[in-house]
Chemist: 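Take a look at the following structure, please.
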Amino acid sequence: MEPVKVGLLGLGTVGGGTANVLARNAEEIARRAGRGIQVTHAAAREFNAEGIQGLERIEITTDAFEVVNNPEVEIIVELIGGYSPAKELVMQAIENCKHVVTANKALIALHGNEIFEAAQKKGVMVAFEAAVAGGIPIIKAMREGLSANRIEWAAGIINGTGNFILTEMRDKGRDFDDVLAEAQALGYAEADPTIDVEGIDAAHKLTIIGSIAFGVPLQFEKTYTEGITRIEQQDVVYAGELGYRIKHLGVTRKTDKGIEMRVHPTLIPERRLIANVDGVMNAVLVKGDAVGPTLYYGAGAGSEPTASAVVADLVDVARALTTDPENRVPHLAFQPNELSDLPILEMDDVETAYYLRMQVSDKPGVMAKIAGIFADSGISIEAIQQKEPAEGETQVSLIMLSHTVLEKQMNEAIAEIEALECVMGPVMRIRMESLSG
Ligand code: HSE
């Protein structure tokens, strides 16, 4: 059988890795797919020719639309990133009845509903394993491996840059800015690192995880997104003293009222496996009603780890080329006409426990006043710790852990506490998750 002809859009880090993995493992891949998979065409403005195998067999152009409109090409691999022209190229490929593989999380999170609808009409596949957690086959696991389950919740460390920063802050006591500069130099961070540290990259990925977990349309705009830029060295230390680690988590959970979709720094018990996922590594914990908790761990970025996911999608597409479009794995795990309109909850309606840190005057009655506000708000305190004042200081840090409470209730209590004369500056608040099975 003739090899499947692939057109690569982008020959950068992931594009080059994809070409290399396909060339190096050609034989094994063909044995798995049932036929060869060959990059015949590529579009790129700049690339490092020395680092890419098999370039002599690839027809290269600077015009990506030329590849998308080439009748010889059967599968388009979009590795350009961003919204435009990536969206136009993907839509044009679908219009031309070509299958698409993409690593573009932003594109899928924001425009996936429209892209999948167009693909369904044309009977083509759009595969996006590489868009979430790089080389970890989390889409495959959730969409196929867990299809017997009612998913209850999923929580993931899905941004390597943020995890690298928090790990270095904890292990080496380094400052945020210093570690971020290193992550940029090492090539982990997005071109605009605010996309990593403000949680936008993780929110793109969580949007996709949530839709696949619960069979709801992609709704990036409703995903709550909070970054790690406010986290201070002292919070990392205090969390550690209390037996917790701070991780930048994406959490999605089905409740009686709707679906939680939130990305924010989170205290998790240090004894959980996921709390020990360090550096640039990613991990996703998924709780199914039948299987219980399952954990998926691996490299969330990088040339060949991401290429591993892209090539796995190519194998899937190659195998399914001759299948009836109605009988393929649905894009969002559930049949398109079975997607549910369960609401995505506002943060005010989300219930979590909290870590609070506040700077207070070191004098009698302060603790009682603060405890009184919590009592009046119906918030139960799990632990309180007062740090010893430094020599000659009249202020101390007060650390409190609460039991689970509605966010709206906690916001009101925090506003009252911040209004007290004996409380200096804003209260630092970090949500907590037990992630227990
Ligand atoms: N900037 C992303 C990260 C790359 O740090 O995880 C992979 O999406």
Chemist: Regarding Arg431 and Thr266, do their side chains bring together a donor and an acceptor under 3.5 Å, going by distance alone?
Modeler: no
Chemist: If we only count heavy atoms from C-beta on, is the Met125 to Val100 side-chain gap below 4.5 Å?
Modeler: no
Chemist: Answer yes or no: is there a donor N or O on one side and an acceptor on the other, between the side chain of Gln386 and the main chain of Ile399, under 3.5 Å?
Modeler: no
Chemist: If the threshold is 4.0 Å, N to carboxylate O, is there a salt bridge linking Lys369 and Glu421?
Modeler: no
Chemist: Keeping Gln120 on the side-chain end and Gly123 on the backbone end, is there a donor-acceptor pair under 3.5 Å?
Modeler: no
Chemist: Do Glu226 and His248 come within less than 4.5 Å of each other through their side chains, counting heavy atoms only?
Modeler: no
Chemist: Do the side chain of Asn159 and the main chain of Gly199 share a donor and acceptor less than 3.5 angstrom apart?
Modeler: no
Chemist: Tell me, please, whether Phe128 has Arg143 positioned over its six-membered ring: NZ or CZ under 6.0 Å from the ring centre and within 45 degrees of its axis?
Modeler: yes
Chemist: Run the side-chain contact (heavy atoms from CB on, under 4.5 Å) check on Met358 and Met400 step by step: do they pass?
Modeler: CA-CA 9 Å; Met358 54 200 91; Met400 307 184 91; 3.7 Å; yes
Chemist: For residues Val350 and Arg262, report the shortest heavy-atom separation together with the two atoms involved.
Modeler: CG1-NE, 3.5 Å
Chemist: Flag yes if more than 12 heavy atoms outside Glu221 fall under 6.0 Å of its CD atom; otherwise flag no.
Modeler: yes
Chemist: Quick one: are Val21 and Glu304 in side-chain contact, heavy atoms under 4.5 Å?
Modeler: yes
Chemist: To the nearest 0.5 angstrom, please state how far the CD1 atom of Ile37 sits from the CD1 atom of Ile29.
Modeler: 6.5 Å
Chemist: Which of these passes side chain to side chain contact (heavy atoms under 4.5 Å, CB included) with Val286: Ile151, Asn149, Val291?
Modeler: Ile151
Chemist: Inspect the contact between Glu241 and Lys387 and indicate whether a charged nitrogen and a carboxylate oxygen are less than 4.0 angstrom apart.
Modeler: yes
Chemist: Where do Ile417 and Phe374 land on the side-chain contact (heavy atoms from CB on, under 4.5 Å) test, with the steps shown first?
Modeler: CA-CA 9 Å; Ile417 290 168; Phe374 281 124; 3.6 Å; yes
Chemist: Please check this pair: side chain of Glu129 against backbone of Val310, looking for a donor-acceptor N/O pair closer than 3.5 Å.
Modeler: no
Chemist: Return the minimal non-hydrogen interatomic distance between Ala127 and Val317, and the atom names on each side.
Modeler: CB-CG2, 4.4 Å
Chemist: Measuring from atom CD1 of Ile136 to atom OH of Tyr296, what distance do you get when rounded to the nearest 0.5 angstrom?
Modeler: 11.0 Å
Chemist: Just how far is it from atom CG of Leu435 to atom CG of Leu285, taken to the nearest 0.5 Å?
Modeler: 6.0 Å
Chemist: Which atoms form the tightest heavy-atom contact between Pro193 and Leu180, and what is the distance?
Modeler: CB-CD1, 4.0 Å
Chemist: Identify the residue among Glu152, Lys287, Met261, Glu260 that makes a side chain to side chain contact (heavy atoms under 4.5 Å, CB included) with Arg253.
Modeler: Glu260
Chemist: Ignoring hydrogens, what is the shortest heavy-atom contact between Met169 and Ile231? Give both atom names and the distance.
Modeler: CE-O, 3.6 Å
Chemist: Determine, stepwise, if the pair Asp278 / Lys247 fulfils salt bridge (Lys or Arg N to Asp or Glu O under 4.0 Å).
Modeler: CA-CA 9 Å; Asp278 286 335; Lys247 291 290 180 189; 3.1 Å; yes
Chemist: Could you walk me through whether Ile52 and Asn20 satisfy the side-chain contact (heavy atoms from CB on, under 4.5 Å) test, starting with their C-alpha distance in whole Å, then the side-chain angles of each, then the deciding distance to 0.1 Å, before giving a yes or no?
Modeler: CA-CA 6 Å; Ile52 306 175; Asn20 288 343; 4.1 Å; yes
Chemist: Between Met424 and Ser361, is there a side-chain heavy-atom distance shorter than 4.5 Å?
Modeler: yes
Chemist: Please round to the nearest 0.5 Å and tell me the distance separating atom CD of Gln409 and atom OH of Tyr354.
Modeler: 9.5 Å
Chemist: Is it true that, when you exclude Leu273 itself, more than 12 heavy atoms of the residues, nucleotides or ligands shown sit nearer than 6.0 Å to its CG?
Modeler: no
Chemist: For the atom pair CZ (Arg170) and CD (Glu270), what is the distance rounded to the nearest 0.5 Å?
Modeler: 8.5 Å
Chemist: I need the full list of ring-ring contact (aromatic ring centres under 6.0 Å, His included) pairs touching residues 253-272, with sequence neighbours left out, sorted by first then second residue.
Modeler: none
Chemist: Heavy atoms only: give me the nearest Phe164-Ala183 pair and the separation to one decimal.
Modeler: CD2-CB, 3.7 Å
Chemist: Under 4.0 Å between a Lys/Arg side-chain N and an Asp/Glu carboxylate O for Lys140 and Asp313?
Modeler: no
Chemist: Distance-only, no hydrogens or angles: does the Ser211 side chain make a donor-acceptor pair with backbone N or O of Pro217 under 3.5 Å?
Modeler: yes
Chemist: For Gln335, enumerate each residue passing the side-chain contact (heavy atoms from CB on, under 4.5 Å) test, keeping only those at least two apart in sequence or located in another chain.
Modeler: Pro330, Asn337, Glu338
Chemist: In the structure I gave you, are the side-chain heavy atoms of Glu346 and Lys408 within less than 4.5 Å of one another anywhere?
Modeler: no
Chemist: Under 6.0 Å from the CZ atom of Arg24, do we count more than 12 heavy atoms belonging to anything else shown?
Modeler: yes
Chemist: Going by distance alone, is a donor N or O of one side chain under 3.5 Å from an acceptor N or O of the other, for Asp192 and Thr194?
Modeler: yes
Chemist: Using only atom types and a distance under 3.5 Å, with no angle test, would you say the side chain of Asp324 pairs donor to acceptor with the backbone of Glu326?
Modeler: yes
Chemist: With no hydrogens and no angle check, is any side-chain donor or acceptor of Lys257 less than 3.5 Å from a backbone partner on Ile344?
Modeler: no
Chemist: Under the side-chain contact (heavy atoms from CB on, under 4.5 Å) rule, what do Val216 and Asp341 come out as? Steps first, then yes or no, please.
Modeler: CA-CA 6 Å; Val216 293; Asp341 57 2; over 6 Å; no
Chemist: So Leu206 and Ile158, do their side chains get closer than 4.5 Å, heavy atoms only?
Modeler: yes
Chemist: Any non-hydrogen side-chain atom of Pro426 less than 4.5 Å from a side-chain atom of Glu418?
Modeler: yes
Chemist: Sub-3.5 Å donor-acceptor pair from the side chain of Asn104 to the main-chain atoms of Leu107, do we have one?
Modeler: yes
Chemist: From Met367 CE over to Asp362 CG, what is the distance, rounded to the nearest 0.5 angstrom?
Modeler: 9.5 Å
Chemist: Got a sec, which residues hit ring-ring contact (aromatic ring centres under 6.0 Å, His included) with His331, two or more places apart in sequence or on another chain?
Modeler: Phe116
Chemist: Determine whether the side chains of Glu393 and Gln395 contain a donor N or O and an acceptor N or O closer than 3.5 Å.
Modeler: no
Chemist: Is Glu407 close to Arg429 at the side-chain level, that is, under 4.5 Å between some pair of heavy atoms?
Modeler: yes
Chemist: Would you name the heavy atoms of Val68 and Ala93 that are closest together and state the gap between them?
Modeler: CG1-N, 3.5 Å
Chemist: So does Asp201 get a backbone contact from the side chain of Asp196, meaning a donor-acceptor N/O pair under 3.5 Å?
Modeler: no
Chemist: Give a yes or no answer on whether the side chain of Arg357 reaches the backbone of Val427 with a donor-acceptor pair at less than 3.5 Å.
Modeler: no
Chemist: One thing to verify: whether Asp235 and Arg230 come together as a salt bridge, which I'm taking to mean a side-chain N less than 4.0 angstrom from a carboxylate O.
Modeler: no
Chemist: Just by distance, with hydrogens left out, do Thr207 and Thr223 show a side-chain donor and acceptor under 3.5 Å apart?
Modeler: yes
